[in-house]
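Written out below as structure tokens is the structure these notes cover.
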Number of protein chains: 2
Amino acid sequence: MLPDMSVFTPGQVVEETGFSLDTLRYYERIGLLEPVGRNAAGQRRFTQDDIGWLGMVRCLRDTGMPIAEMLRFAELVRAGEHTIPDRIALLEAHDRRVEAQVANLREKQTAIRNKIGYYRAVSC
Amino acid sequence: MLPDMSVFTPGQVVEETGFSLDTLRYYERIGLLEPVGRNAAGQRRFTQDDIGWLGMVRCLRDTGMPIAEMLRFAELVRAGEHTIPDRIALLEAHDRRVEAQVANLREKQTAIRNKIGYYRAVSC
DNA sequence: ATGGCACCTGGAGTCGGCTCCAGGTCAAGC
DNA sequence: GCTTGACCTGGAGCCGACTCCAGGTGCCAT
């Protein structure tokens, strides 16, 4: 019998998302992930939707959004379509922070490169 | 009598560097800052060099260098001129990480913007 | 001379975000 | 029928980086 390709074992999700199994369980515990479905034996079986949501979580985490704010976003998503304007607002605010982050990083990087240049100059 | 412009009180350093007083003391405790000079009353008096070093620390921190690595860098600086090639290597490795960080940020930002675009589309 | 403020110390506490552990369950292959 | 491996649970532990606290000192303006 073909495996059901629309469900994923914890191991597959670890592989796909790069989150550790402990982190996945932690995210479920705190409610960042909705209660994940289980098979007869009580083992988690993730849906394609879960994977998609985890992709979003990965984006937000990697861009520095704190878990508390991701929780707020998760609640908006669960509350239904009428929260879409709020979700847009939240993501736009975050996008602005990411932009500022990049600008700051670039600025500091310039200073570091200047320092490297200075070291090169004195060591020649 | 004119104040000695080449020395700074803790308050002035907080002002200049944006580090909190507690953070400055913490940095001194762990050796990220060399023992800071004191006045007769035992209060810290920072030199222009201290301020300069704190500027470097600010750059490295803001670009995500962990304290442990800044400590290694601080040791190289203290060890003298002959460590300049090592310092260059350390900073270049860090510069590469910053570059990767920016690239990752940009990539994730694109995904977030796409999500915003999607939300806009469905809410119209 | 007194009150307030900026500063001092050592040590404990906090916070975010995981990560690890002990002890247990199932399913499948040898 | 037994081992192996992937998974389960609740709860404790850890790590980095601060941040706060209690109790004390010294200087300056009223």
Side-chain angles (χ1 to χ4, degrees), chain A residues 1-4 7-47 50-51 54 56-74 94 97 101 108, chain B residues 1-4 7-33 35-47 50-51 54 56-74 94 97 101:
Chain A
M1 187 160 110
L2 287 168
D4 185 346
V7 219
F8 303 82
T9 65
Q12 289 169 325
V13 177
V14 165
E15 190 68 15
E16 289 254 327
T17 65
F19 290 119
S20 79
L21 184 47
D22 268 320
T23 298
L24 291 172
R25 293 198 272 240
Y26 167 67
Y27 283 172
E28 187 179 353
R29 266 212 298 281
I30 65 173
L32 184 53
L33 222 52
E34 288 196 76
V36 175
R38 305 302 177 110
N39 71 0
Q43 296 187 347
R44 287 174 180 80
R45 289 299 176 260
F46 294 80
T47 64
D50 290 329
I51 306 274
L54 284 168
M56 189 72 205
V57 168
R58 165 70 57 217
C59 276
L60 299 177
R61 276 307 287 126
D62 282 8
T63 49
M65 184 183 286
I67 283 184
E69 193 172 353
M70 293 200 296
L71 280 175
R72 248 182 293 134
F73 184 64
H94 184 59
R97 285 192 301 265
Q101 228 183 117
K108 301 294 155 67
Chain B
M1 188 160 112
L2 286 170
D4 185 346
V7 219
F8 303 81
T9 65
Q12 289 170 325
V13 176
V14 166
E15 190 68 15
E16 289 254 327
T17 66
F19 290 120
S20 79
L21 184 47
D22 268 319
T23 298
L24 291 173
R25 293 198 272 240
Y26 167 67
Y27 283 172
E28 187 179 353
R29 267 212 297 282
I30 64 172
L32 184 53
L33 222 52
V36 176
R38 306 303 177 109
N39 71 1
Q43 296 188 347
R44 287 175 180 80
R45 289 299 177 260
F46 295 80
T47 64
D50 291 329
I51 306 274
L54 284 168
M56 189 72 206
V57 168
R58 165 71 56 218
C59 275
L60 299 176
R61 276 307 288 126
D62 281 9
T63 50
M65 183 181 287
I67 282 185
E69 193 172 352
M70 293 199 297
L71 279 175
R72 248 181 294 137
F73 184 64
H94 185 59
R97 285 192 301 266
Q101 226 183 118

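So you know, we letter chains A, B, ... as the sequences are listed, proteins then strands, and number each from 1. As the structure is a computational prediction, the values presented were derived from the model and not from experiment.
Rounded to whole Å, atom P of dC8(D) lies 9 Å from atom CG of Asn39(A). If you measure from atom CD of Glu28(A) to atom P of dC18(C), you get 16 Å, rounded to the nearest angstrom. Across the protein-nucleic acid pair, Leu32(B) atom CG and dG16(D) atom P stand 15 Å apart, rounded to whole Å. Protein atom CD of Gln43(A) is 9 Å distant from nucleotide atom C1' of dA27(C), rounded to whole Å. Residue Leu24(A) contributes atom CG, which lies 14 Å from atom C1' of dG17(C) at whole-angstrom precision. Distance CG (Leu21(B)) to P (dT9(C)): 10 Å, rounded to an integer number of Å. Look at CZ on Arg45(B): it is 12 Å from C1' on dC8(C), rounded to the nearest Å. Going from atom OH of Tyr26(B) over to atom P of dC7(C) covers 22 Å, rounded to whole Å.
As judged by a 4.0 angstrom heavy-atom cut-off over every strand, Phe19(B) is placed among residues making no nucleic acid contact.
The one candidate from Asp50(A), Val13(A), Thr9(A) that meets the side chain to side chain contact (heavy atoms under 4.5 Å, CB included) condition with Arg45(A) is Thr9(A).
Comparing dT19(D), dC8(D), dC7(C) by their closest approach to the side chain of Arg44(A) singles out dC8(D). Distances were taken from every side-chain heavy atom of Arg25(A) (C-beta onward) to each of dC8(D), dT9(C), dT19(C); the shortest belongs to dC8(D). When distances run from any side-chain atom of Pro10(A) to the nucleotides dA12(D), dC7(C), dC7(D), the shortest one goes to dC7(D). Counting only heavy atoms from C-beta on, Ala41(B) has its side chain closest to dG26(D) among dG26(D), dC8(D), dG17(C). The side chain of Arg29(B) lies closest to dT19(D), out of dT9(C), dT19(D), dA12(D).
Closest approach of Leu54(A) to Phe19(A), counting heavy atoms only: O-CE1, 3.7 Å. Considering every non-hydrogen atom in both Asn39(A) and Ala41(A), the closest pair reads OD1-N, 2.9 Å. Considering all non-hydrogen atoms of both residues, Met70(A) and Val57(A) come closest at SD-O, 4.0 Å.
The phosphate of dT19(D) has OP1 or OP2 within less than 4.0 Å of a side-chain N or O from Thr23(B). Proximity of Arg38(A) to the phosphate of dT9(D): a side-chain N or O atom is located under 4.0 Å from OP1 or OP2. Contact between the side-chain N/O atoms of Thr9(A) and the OP1/OP2 oxygens of dC7(D) is found at a separation under 4.0 Å. Listed pair Tyr27(A) / dG17(C) fails the phosphate criterion, with no side-chain N or O lying under 4.0 Å from OP1 or OP2.
The shortest side-chain heavy-atom distance between Arg58(A) and Thr17(A) does not fall under the 4.5 Å cut-off.
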Under 3.5 Å, which donor-acceptor pairs do the side chains of residues 24-34 of chain A form with other protein atoms, sequence neighbours left out?
| from | atom 1 | to | atom 2 | distance (Å) |
| --- | --- | --- | --- | --- |
| Glu28(A) | OE1 | Arg44(A) | NE | 2.6 |
| Glu28(A) | OE1 | Arg44(A) | NH2 | 3.3 |
| Glu28(A) | OE2 | Val36(A) | N | 3.0 |

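Judged by distance alone with a 3.5 Å cut-off, no donor-acceptor contact links the side chain of Asp22(A) to the base of dC18(C).
Residues satisfying the salt bridge (charged side-chain N to carboxylate O under 4.0 Å, His left out) test with Arg72(A), not counting sequence neighbours, are none.
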Test Phe73(B) against Met56(B) for side-chain contact (heavy atoms from CB on, under 4.5 Å), laying out the working first.
CA-CA 11 Å; Phe73(B) 184 64; Met56(B) 189 72 206; 4.1 Å; yes
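Checking Ala40(A) against Ser20(A), the closest nucleotide of DNA chain C that is more toward the 5' end is the one next to Ser20(A).
Of the residues in residues 59-70 of chain A, Arg61(A), Pro66(A), Ile67(A) come within less than 4.0 Å of DNA chain C through at least one heavy atom, sorted by number.
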